[in-house]
Amino acid sequence: MRDLSAGPRVLLKRLRELMAEPLDPQERLDRIVRQIAQNMVAEVCSVYVLRSDGILELYATEGLNKDAVHLAQLQMGQGLVGTIAASAQPLNLSDAQAHPAFTYLPETGEEIYHSFLGVPILRTGRSLGVLVVQNRTSRVYRDDEVEALETVAMVLAEIIATGELKKITRPGLELDLSRPVSIEGASFGEGAGLGYVVLHEPRIVVTNLLNEDTDHELSRLAEALGSLRISIDDMLSRRDVSMEGEHRAVLEAYRMFAHDRGWVRKLEEAIRNGLTAEAAVERVQSETKARMMRLTDPYLRERMHDFDDLANRLLRQLTGYSLRPSNADFPADSIVVARAMGAAELLDYPRENIRGLVLEEGAVTSHVVIVARTMGIPVVGQATGAVALAENGDAVIVDGDEGRVHLRPMVDLQRAYEEKVRLRARRQAQFRSLRDVPPLTQDGQRIRLQMNAGLMVDLPHLAESGAEGIGLFRTELQFMIASTMPKMEDQEAFYRNVLKQAAGKPVTFRTLDIGGDKVVPYFRAAEEENPALGWRAIRLSLDRPGLLRTQLRALLRAAAGLELRLMLPMVTEVAELKAVRELLQKEVQRQSKMGEKLPRKLQFGAMLEVPSLLWQLDELMEEVDFVSVGSNDLFQFTMAVDRGNARVADRFDVLGKPFLRMLREIVRAGERNGTSVTLCGEMASKPLSAMALLGIGFRSVSMSPTAVGPIKAMLLALDAGKLAATLNPLLDDRQSSLSPRQMLIDFAEAHSIPL
Ligand code: PEP
Ligand code: MG
């Protein structure tokens, strides 16, 4: 075989000419395979294209029987070609027929060819087809030949992606790129949304594939890598690393990769084979992605993701692409698709345009999800592969109830969902009609229904939902979306506005709960190994009393003449409450000394989120006016499962015996001490778990605004006493294997309680 060192360059040049010629698609493909065969001194060159029905169809061949074109077919995973497409890995064989996966297709006449080299045709890590060369003699193709064929496969990926092959696809069949795909994820936020994909990190489309001047491209790459390295070092050297929303560990991984010789060598090799610098990055990135999509180990996946992010940065350097289009470019029905996202990033989007959110990662109680739910956006999480499978502008349905994403849905599915959305709107209207119905259970128990909030946009929900008040106002959200620390005056104006909009309904302000997964860009402490157990919330407030006092002052001033309800997050010991009370006292004294008007009434409360407080329940209840159970964190700490870690977050059940028993202890302590107890975690937002809460004695809950209607519908149909009489004995029963969850589902069904 001829030395190929100059081969790929010559070949790519020919292919470029062929791409530019006004040929019909079949002719173009035929000429391309002929060129490849000639250039690689192969007797056979064939292209198989993946159809939407999972079949790889022979689209062109040089060397095999021409009559087999559009007839020879292999399933994904079947034969050598199917194996390459399914694994997204090349196969290089000196004796193809000896391979266990070999499938003989008599129509092709390929039995006389012994050696076989096939590579996947990849686009953003997806296999769109397979490119094969074959020779009669038994030989192993050299690495540079494999490399050359992979480079050529990129050109074919481009041809497939342009949709040009549609014209030679048999009627009724579709190519894989436009295939409808359903992704199973997890339900993170109820409702269904129809719209068009907006990739949170837009994919950079490289159109300029083939280079004119290798040295020039090599120096472009070197330059871009240089500035990339500098920008990473820059970010790392900044004391406030989180300015870019990055974590130090991620940046360090980037730095390591940016200096990775293997990676750089691969990029340079692709350029030497005739690609432009950006096409080289895309090619190597696509291979990494293909591997990433097949990895199951979460740590390795994470590292591969870092690599992917880095490649995107490099592409941006090379193409001058900006990170995100301006808000004006968002379609009216946007479905945002992201691997992961921070709450503040979601808030950057124009709310009125977002119909849904799809995340590859995350957990129900992660912050971005909570924010999305407050905004009433349907969310599907853990939707593996969504980013790679979606293209900007693709039609998409987010089914937040079932936890499914339908990409490029068929027309009938789309219709069914349109109907579902209409039905939901009708149900919402029914819930609205319950707005003024008193929240009384069948047996006359009055339930206090409040809502959670954190931003100005939440306030209108207070009147719309009929909630009695705001049971949890997450003040940190204002801090999280600001680019600099809000000043006392800003805070005061904000709280004043909240109270004004609440129009006399009580608002329970929670003091700053930052740290852990709640990152405030301009305030960042040292990296912690276990941030959830680290320096956060009240701990941080007590160590930085200036921050807390400023907030307390702002709250006292904003609530002048009104009732101020204050609540502290993440209390671990009663002593912490006493310490805050002292600070509060000082602020009150300061205000009165200055002749400022004070709140009419001050209610002081604690969040119960750390299990240690269960052994100080009576002291706690004596110390405060009210207690609010933060079941998201309480569950995390009780069960030792990271609420943001998808791998373990759903491992245990909030409706399991240990957690329900624990919650019941808290309610009983409240009754014993005459202290009001509310629960404001996500548990209160789901009819089934909210029903369980009423069963163990809760009479006050605070939830996301969209949940108020469904929860009220549930309680209006519930006999709380009867439920208690069934649930409590089950919780006390040491023998029964019946899970409380199942018991609750059965109870709801037997009593026609809407869930
Ligand atoms: C909780 O932990 O349950 C809670 C309500 O607080 P957050 O979700 O803001 O941590
Ligand atoms: Mg919490």
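Remember, it's 1-based here, ligands and their atoms both numbered in the order they're listed. Note that the numbering runs from 1 along the sequence shown for the chain.
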- Is L634 touching ligand 1 with its side chain, its backbone, both, or neither, if touching means heavy atoms under 4.0 Å apart?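 It is neither; nothing of L634 touches ligand 1.
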Is any side-chain heavy atom of [Y] closer than 4.5 Å to one of [X]?
{"X": "F604", "Y": "L568", "result": "yes"}
{"X": "I377", "Y": "V398", "result": "no"}
{"X": "V198", "Y": "I354", "result": "no"}
{"X": "F635", "Y": "F652", "result": "yes"}

- Give a yes or no answer on whether the side chain of S187 reaches the backbone of G400 with a donor-acceptor pair at less than 3.5 Å.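 A pair under 3.5 Å: yes.
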- Does T508 reach the main-chain N or O of R565 with its side chain, forming a donor-acceptor pair under 3.5 Å?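 Here the side-chain-to-backbone pair does not exist.
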What's the shortest distance from [atom] to any protein heavy atom, and which residue and atom give it?
{"atom": "atom 2 (O) of ligand 1", "value": "E609 OE2, 2.8 Å"}
{"atom": "atom 3 (O) of ligand 1", "value": "N632 N, 2.7 Å"}
{"atom": "atom 6 (O) of ligand 1", "value": "R510 NH1, 3.0 Å"}

- Query: side-chain contact (heavy atoms from CB on, under 4.5 Å) with S739: which residues, sequence neighbours excluded?
  - Reply: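 Checked S739 against side-chain contact (heavy atoms from CB on, under 4.5 Å); matches are R741, Q742.
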Proximal atoms of ligand 1 relative to [X] (non-hydrogen, under 4.0 Å):
{"X": "D633", "value": "1 (C), 2 (O), 3 (O), 10 (O)"}
{"X": "G681", "value": "3 (O)"}
{"X": "L472", "value": "5 (C)"}
{"X": "G630", "value": "1 (C), 2 (O), 3 (O)"}
{"X": "R643", "value": "2 (O), 7 (P), 8 (O), 10 (O)"}

- Message: Is there a polar contact, in the sense of an N or O pair closer than 3.5 Å, between R474 and ligand 1?
- Response: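 N/O-N/O distance below 3.5 Å exists for this pair.
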- Would you please classify the geometry between the Y495 ring and the F509 ring as parallel, tilted or perpendicular, with 30° and 60° separating the classes?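 Taking Y495 first and then F509, their aromatic rings stand perpendicular (interplane angle over 60°).
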- What angle sits at the Mg ion (ligand 2) between OE2 of E609 and OD2 of D633, to 10°?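 Centred on the Mg ion (ligand 2), the OD2/OE2 angle is 100° (to 10°).
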